[in-house]
2 protein chains.
Amino acid sequence: MTDLRERILECALDLYLEDGPKGLSMRHVGESLGVSATAIYRHYRNKEDLLNNVMGEAVKVFGSYLFASLSGKTPEERFNRGGEAYLNFALEKGKYYEVIFMAPSQFGAAGDGSGLPEALRAQSMATFQFLVDRVQECMESGYLRKADAQAVSMTIWAHTHGLVSIYLAKKWSLDEAGFRRLFRESTERLMHGLRPAP
Amino acid sequence: MTDLRERILECALDLYLEDGPKGLSMRHVGESLGVSATAIYRHYRNKEDLLNNVMGEAVKVFGSYLFASLSGKTPEERFNRGGEAYLNFALEKGKYYEVIFMAPSQFGAAGDGSGLPEALRAQSMATFQFLVDRVQECMESGYLRKADAQAVSMTIWAHTHGLVSIYLAKKWSLDEAGFRRLFRESTERLMHGLRPAP
DNA sequence: GTCTATAGGTGGATAGAC
DNA sequence: GTCTATCCACCTATAGAC
């Protein structure tokens, strides 16, 4: 039996994604786990604290995926490993992906000053800067055609996020293997236009 | 003073996007509009009916945007007008865009057999087929390089949806004019790699 | 068509027993 | 640490007056 604290986090994530912040209920979490609702308060101060921990965990896990790709030896390798890390995170931790990148505009902000939506925004920006850095060094190494690295990064991120979010929203009937193939082919199609002319 | 029925729909849309299906409350809608909650039941059977009407309206409006682009005389024109229609819909009816294309995986399905999430899925598929048709005829006319029209369409939709959804989630600090420019430039960058070699 | 009153349900959070 | 009991707030929906 894993730690109750962790199981609460997992269950809260599911409820949050099903019905939004208002759909996450301490009682329901408790029922799902076979404990009373009040037991949760020994592990999390209140509902807001629980929700913040869900989002914080998502951000932490995503960071660990992306960070690993920095071990690549060349700009190309770091770029490609970064892309794979992003894909792996999306497929292995799809629910965390939804929390970080697919929440509707106001979703959960609630104006309560909890400050976590701000952390999510910061996370997105840091992720984007990571991509810009990879693109920049690939332009210097000649792997990508020289251009505005920021603008090219936007194109790449848009394409990547678009693929992943449409897949996670189940708007394509594809299994995971099929999606991995689509992801690679589509990315290759895009990158083909971004590399130096032969 | 516009029709109360319409104002209810608008208000319900806002509440839905802020807090999800559970965050939409008849009482709150009523308060926002200065009427009692029960007044709403003269216009909508119940909460589910109200929510279904919100989504149905979104789908209807989107269809009207897209349909207009069919008036183009050539494949290129229909393709480009379709892209503009999509962008205009996203910018002029951003909240409807979120309802149709940005709802998290389970959001609102609720297993209640209401059948509307199914209609949304159908709408996405119809939209995608519309794009495939445009791409197909552009390949035949020579505007696009011949290739698997379905696969190329996925790349294009992913890029387009990615741009729009990141913008609507306010993950880029851009005003509308800036985003329109970004959209055009980024699309041009992508299309450049999809057109026949000179 | 819109109101008030009301029934019946769900939810957050605390107090205090064990 | 987890429970039961409890309080109060908010929700959907209906009945019936106006």
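Quick note: numbers below take in every heavy atom, side chains included, and nothing from hydrogens, waters or symmetry partners.
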Exceeds 12 heavy-atom contacts within 6.0 angstrom, atom NZ of B/K22: no
Using a heavy-atom cut-off of under 4.0 Å over every strand shown, decide if A/L24 touches base, sugar-phosphate, or nothing. sugar-phosphate
Of A/K22 and B/A39, whose closest DNA chain C nucleotide lies nearer the 5' terminus? B/A39
Please give, in whole Å, the distance from D/dC3 P to A/R42 CZ? 12 Å
Out of C/dG12, D/dA13, D/dG1, which has the shortest distance to the side chain of B/N46? D/dA13
Round to a whole Å and report the spacing from OH of A/Y44 to C1' of C/dG12. 17 Å
Please determine whether the number of non-hydrogen atoms from other residues, nucleotides or ligands lying under 6.0 Å from atom NE2 of B/H28 exceeds 12. no
Starting at the 5' end of DNA chain C and moving along, which residue's nearest nucleotide shows up first, A/K47 or B/H43? B/H43
Is there a side-chain contact between B/S25 and the phosphate of D/dC11, meaning an N or O under 4.0 Å from OP1 or OP2? yes
Does a sphere of radius 6.0 Å around CZ in B/R45 hold more than 12 heavy atoms from other residues, nucleotides or ligands, not counting ones at 6.0 Å or beyond? no
With A/F62 as partner, the option from A/F101, A/F130, A/Y97 fulfilling ring pair (Phe, Tyr, Trp, His ring centres under 6.0 Å) is A/F101
Considering just the side-chain nitrogens and oxygens of A/T38, establish if one lies under 4.0 Å of OP1 or OP2 belonging to D/dC3. no
B/Y41 has a side chain; which of C/dA13, C/dC3, D/dT14 sits nearest to it? D/dT14
Looking at B/H28, I'd like to know whether one of its side-chain N or O atoms comes within less than 4.0 Å of OP1 or OP2 on D/dC10. no
Can you check whether A/S36 has a side-chain N or O nearer than 4.0 Å to OP1 or OP2 of D/dT2? no
Selected nucleotide, minimal atom distance to A/R27 side chain, candidates D/dT6, D/dA13, C/dG1: D/dT6
